[in-house]
Amino acid sequence: MKELPPAFAAEQVAVVTGAASGIGLAAARHFAARGMKVILADLPGETLDRAAQAVTAAASTSHAKRGAANVLAVPTDVSNQADLTALRERVAAQFGPVAVLMNNAGIGRNPGKPWENSAAWKSLLDVNLWGVIQGVEAFVPAMLASDAPGVVINTGSKQGITSPPGNPAYNMSKAAVKSFTESLAHELLQACGRRISAHLLIPGYTFTGMTGGAEKPAAAWTGDQVVDFMLEGIAAGDFYILCPDNAVDRATDEKRMRWAADDIILNRPALSRWHPDYEAEFARYIAGK
């Protein structure tokens, strides 16, 4: 792996939302093992407390061996802007400027079809989209003002690119995160050159709290695999960090995404990949025929 940006050096400060489980917890552990100061932001409760213990253990194995001194768990509801403001102020007071911001918190519950349960749709968007926007608003201005290197990572989803049927609210939220992060990367480049970079993490099938079940499905990656891949992508300078998994390789992902883009270019029906008139054509396309 190429060398990571200086924002990931020991004693630098990393804030991770959705850090109590899944990809967020894996990222927090990785950062702590590098000797970074890590803030775990998630809903209050035993899950967050256990995560803080796990990250403290990882910090104790780092070169700095700072343990609990380098770890802070802050109960945070990312849908609440006041919570993120309080998080920013606590981090600034205890650890100083933030070098790595990972807006990872998300929920996957399905509020239903586009014409029902608007309050549940809003609740999902408040976390998956506004949690990212408000996280950026809370921390990026100070990162810009610090004149120090920085990295912002927003967790998206392949479902925000191909929009498979089944959970349209989740798809919409992640499509919006993709668009927002693309704009963020462009605006950061205009504002400070390459000093602060933004990256869109696009996980594959990953065993997290959203997956359900006590055992990891064979087709899924672990959170640690996703974070290892993420760090390799950041070290390589990638913006789109498109993760494979144990069931779908990158070549297949690329074909599916190209097909989705061609729906517009070729004026096919919406989501033609799942349209009965295009079922056979899509199968031939995936088979390379």
Answer yes or no: is there a donor N or O on one side and an acceptor on the other, between the side chain of [X] and the main chain of [Y], under 3.5 Å?
X    : Y    : answer
T17  : N104 : yes
D42  : A19  : yes
R195 : G150 : no
N246 : A218 : yes
D262 : I265 : no
S173 : N171 : no
S179 : A175 : no
T47  : G45  : no

Would you say that more than 12 heavy atoms from the other residues, nucleotides or ligands in this model lie under 6.0 Å from the [atom1] of [X], or not?
X    : atom1 : result
E116 : CD    : yes
Q190 : CD    : yes
I264 : CD1   : no
E279 : CD    : no

- Message: Test side-chain contact (heavy atoms from CB on, under 4.5 Å) on R250 and L242; report intermediate values, then the result.
- Response: CA-CA 8 Å; R250 186 181 178 96; L242 176 61; 3.4 Å; yes

Is it the case that one hydrophobic cluster holds both [X] and [Y], taking links as side-chain heavy atoms less than 4.5 Å apart, direct or via other members?
X    : Y    : answer
L43  : V78  : no
Y205 : V248 : no
L189 : I153 : no
I107 : V177 : yes
Y278 : M257 : no

Between atom [atom1] of [X] and atom [atom2] of [Y], what is the distance when rounded to the nearest 0.5 Å?
X    : Y    : atom1 : atom2 : result
I161 : Y240 : CD1   : OH    : 8.0 Å
Q134 : L87  : CD    : CG    : 12.0 Å
W130 : L84  : CH2   : CG    : 12.5 Å
L124 : N110 : CG    : CG    : 9.0 Å
I202 : M230 : CD1   : CE    : 13.0 Å
R88  : L101 : CZ    : CG    : 12.0 Å

- E254 with R258: basic N within carboxylate O range, under 4.0 Å: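 R258 and E254: not salt-bridged.
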
- Query: Which word best sums up how the rings of Y285 and F282 line up, parallel for under 30°, tilted for 30 to 60°, or perpendicular for over 60°?
  - Reply: tilted

Close side-chain approach of [X] and [Y], heavy atoms under 4.5 Å:
X    : Y    : answer
M102 : I23  : yes
L201 : V226 : yes
D253 : C243 : no
P149 : P6   : yes
H199 : D238 : no
D224 : R29  : yes
R90  : L72  : yes
P111 : N167 : yes

Heavy atoms only: give me the nearest [X]-[Y] pair and the separation to one decimal.
X    : Y    : result
V71  : A59  : CG2-CB, 4.0 Å
Q159 : Y170 : NE2-CD2, 3.5 Å
V152 : N154 : CG1-OD1, 3.8 Å
G112 : P168 : O-CG, 3.6 Å
I39  : F95  : CD1-CD1, 3.4 Å
T181 : L200 : OG1-CD1, 4.0 Å

- Message: If we count only N and O atoms by modelled type, under 3.5 Å, do the side chains of D126 and S123 hold a donor and an acceptor together?
- Response: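 No, no side-chain donor-acceptor contact under 3.5 Å.
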
- Pair S272-W259, side-chain donor/acceptor within less than 3.5 Å: yes

- Working for side-chain contact (heavy atoms from CB on, under 4.5 Å), residues V140 and L188: CA-CA 9 Å; V140 167; L188 286 173; 4.0 Å; yes

- Message: Test side-chain contact (heavy atoms from CB on, under 4.5 Å) on F31 and L231; report intermediate values, then the result.
- Response: CA-CA 10 Å; F31 298 159; L231 294 176; 4.1 Å; yes

- Does the pair D277 and R268 meet the rule for a salt bridge (Lys or Arg N to Asp or Glu O under 4.0 Å), with working shown? CA-CA 10 Å; D277 293 351; R268 291 190 296 233; over 6 Å; no

- Message: side-chain contact (heavy atoms from CB on, under 4.5 Å) for K174 and K158? Distances and angles first, verdict last.
- Response: CA-CA 8 Å; K174 293 301 185 176; K158 293 176 187 178; over 6 Å; no

